[in-house]
Colleague: 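The structure that follows is given in the form of structure tokens.
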There are 2 protein chains.
Amino acid sequence: MTQSEVESTDRRILELLAADGRMSFTDLGKATGLSTSAVHQRVKRLESRGMIRGYGATIDHEQLGLPLAAFISIRPIDPSQPDDSPERLQGIREIESCWSVAGEESYILKIRVPTPADLEDLLARIRSAANVATRTTIVLSTPYENRSVV
Amino acid sequence: MTQSEVESTDRRILELLAADGRMSFTDLGKATGLSTSAVHQRVKRLESRGMIRGYGATIDHEQLGLPLAAFISIRPIDPSQPDDSPERLQGIREIESCWSVAGEESYILKIRVPTPADLEDLLARIRSAANVATRTTIVLSTPYENRSVV
DNA sequence: AGTGAAACCCTACCAGC
DNA sequence: GCTGGTAGGGTTTCACT
């Protein structure tokens, strides 16, 4: 269904929750001029409609021992085979994101590992799991990431 | 209790909060075998140490009217100038992420817009704001994104 | 660091409009 | 869809270990 006209109050709620996923319904109510119950209703509706996919904590991976991030673009070695790379790679925990893209390569992966040696090992696992060639771009720093574009 | 046990409990808490940022301290306690107060203490410490950067709701951008995502790699036109692209681009709301990378280009941006026409407009704004050449890779679909790599 | 108790606040549900 | 009310549960602090 394409009846997705999100009105400004819902948009404001999404904006607030994108910035602080633990904000209480009471505070959301104060920020939007609605009662707690009304906000509660709206948030539950946004959740059930899938507009809110979920809630998560943002972790500092460098402090956690995963300082090395990289983009790995992949391309099938045998283009006659059906490309089910996402399913084949899904079990590899180091892969944070997988995007299907237009262009030279078929997918872009974003990964996190502790050390260059782990990256080398990961590349070998990706190549053999999905039968693909890879191109790797190392992330040097992250000025900002996952900002809300609501 | 030894140091490694402490570490693994914190790690478990981070894992749980990464998967569900609104999980209650009560439930975190049940999942880790700690009292509510102990979990509360640990989470507050993880927050103040910056291990937890924040909490956010994950929004379905397609439903929100932003179905077009893309990666834009940028490269300075005049390499003799200092490269302060991140600050110059920070005000552009369509840019969700900005990574400094090793390789042909200096930064990779991830952006979201409603239509191809908006992308065209955005590219012009990026080029003139940061004095850069751009290379754009359109995202066709997103099998998965921002999975927890804890 | 962890526990349990208590005060306080929030959530979730219910009528009623 | 919104409001106010309420019961139950969650959060936060505190004294103690």
Colleague: Taking all atoms of both residues into account, what is the closest heavy-atom pair of Glu145(B) and Thr142(B), and its distance?
Modeller: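 Of all heavy-atom pairs spanning Glu145(B) and Thr142(B), the closest is CB-CG2, 3.6 Å.
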Colleague: Answer yes if Ile52(B) and Ile13(B) sit in the same cluster of Ile, Leu, Val, Met, Phe, Trp and Tyr residues linked by side chain heavy atoms under 4.5 Å apart, and no otherwise.
Modeller: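 Hydrophobic grouping puts Ile52(B) with Ile13(B).
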Colleague: Report which part of the nucleic acid Ser37(B) touches: base, sugar-phosphate, or nothing (heavy-atom distance under 4.0 Å, all strands).
Modeller: base
Colleague: Rounding to an integer number of Å, can you tell me how far Met23(A) CE sits from dC9(C) C1'?
Modeller: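 Those two atoms, CE and C1', are 15 Å apart.
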Colleague: Could you work out which one of dC10(C), dA12(C), dT3(C) sits closest to the side chain of Ser35(B)?
Modeller: dT3(C)
Colleague: What is the distance from CZ of Arg22(B) to C1' of dC10(C), rounded to the nearest Å?
Modeller: 10 Å
Colleague: Check step by step if side-chain contact (heavy atoms from CB on, under 4.5 Å) holds for Leu16(A) and Thr32(A).
Modeller: CA-CA 10 Å; Leu16(A) 290 161; Thr32(A) 55; 4.3 Å; yes
Colleague: How do Phe25(A) and Gln41(A) order along DNA chain C: which one's closest nucleotide is nearer the 5' end?
Modeller: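 It is Phe25(A), whose closest nucleotide lies nearer the 5' terminus.
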Colleague: Hey, are Asn131(A) and Asp78(A) close enough side-chain-wise for a donor-acceptor pair under 3.5 Å?
Modeller: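 No.
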Colleague: With a strict under 4.0 Å distance from non-hydrogen atoms of chain A, what nucleotide opens and what nucleotide closes the contacted stretch of DNA chain D, reading 5' to 3'?
Modeller: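 Contacts span dG1(D) to dT11(D), reading 5' to 3'.
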Colleague: Check the side chains of Arg147(B) and Ser97(A) for a donor-acceptor pair under 3.5 angstrom, ignoring hydrogens and angles.
Modeller: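 No, Arg147(B) and Ser97(A) have no side-chain donor paired with an acceptor closer than 3.5 Å.
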Colleague: Figure out the NE2/C1' separation between His40(B) and dC9(C), and round it to whole Å.
Modeller: 12 Å
Colleague: Evaluate Phe71(A) against Leu109(A) for side-chain contact (heavy atoms from CB on, under 4.5 Å), listing each step before the verdict.
Modeller: CA-CA 6 Å; Phe71(A) 290 97; Leu109(A) 313 175; over 6 Å; no
Colleague: Can you tell me the distance, in whole Å, between the CZ atom of Arg42(B) and the C1' atom of dT3(C)?
Modeller: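 Result: 14 Å.
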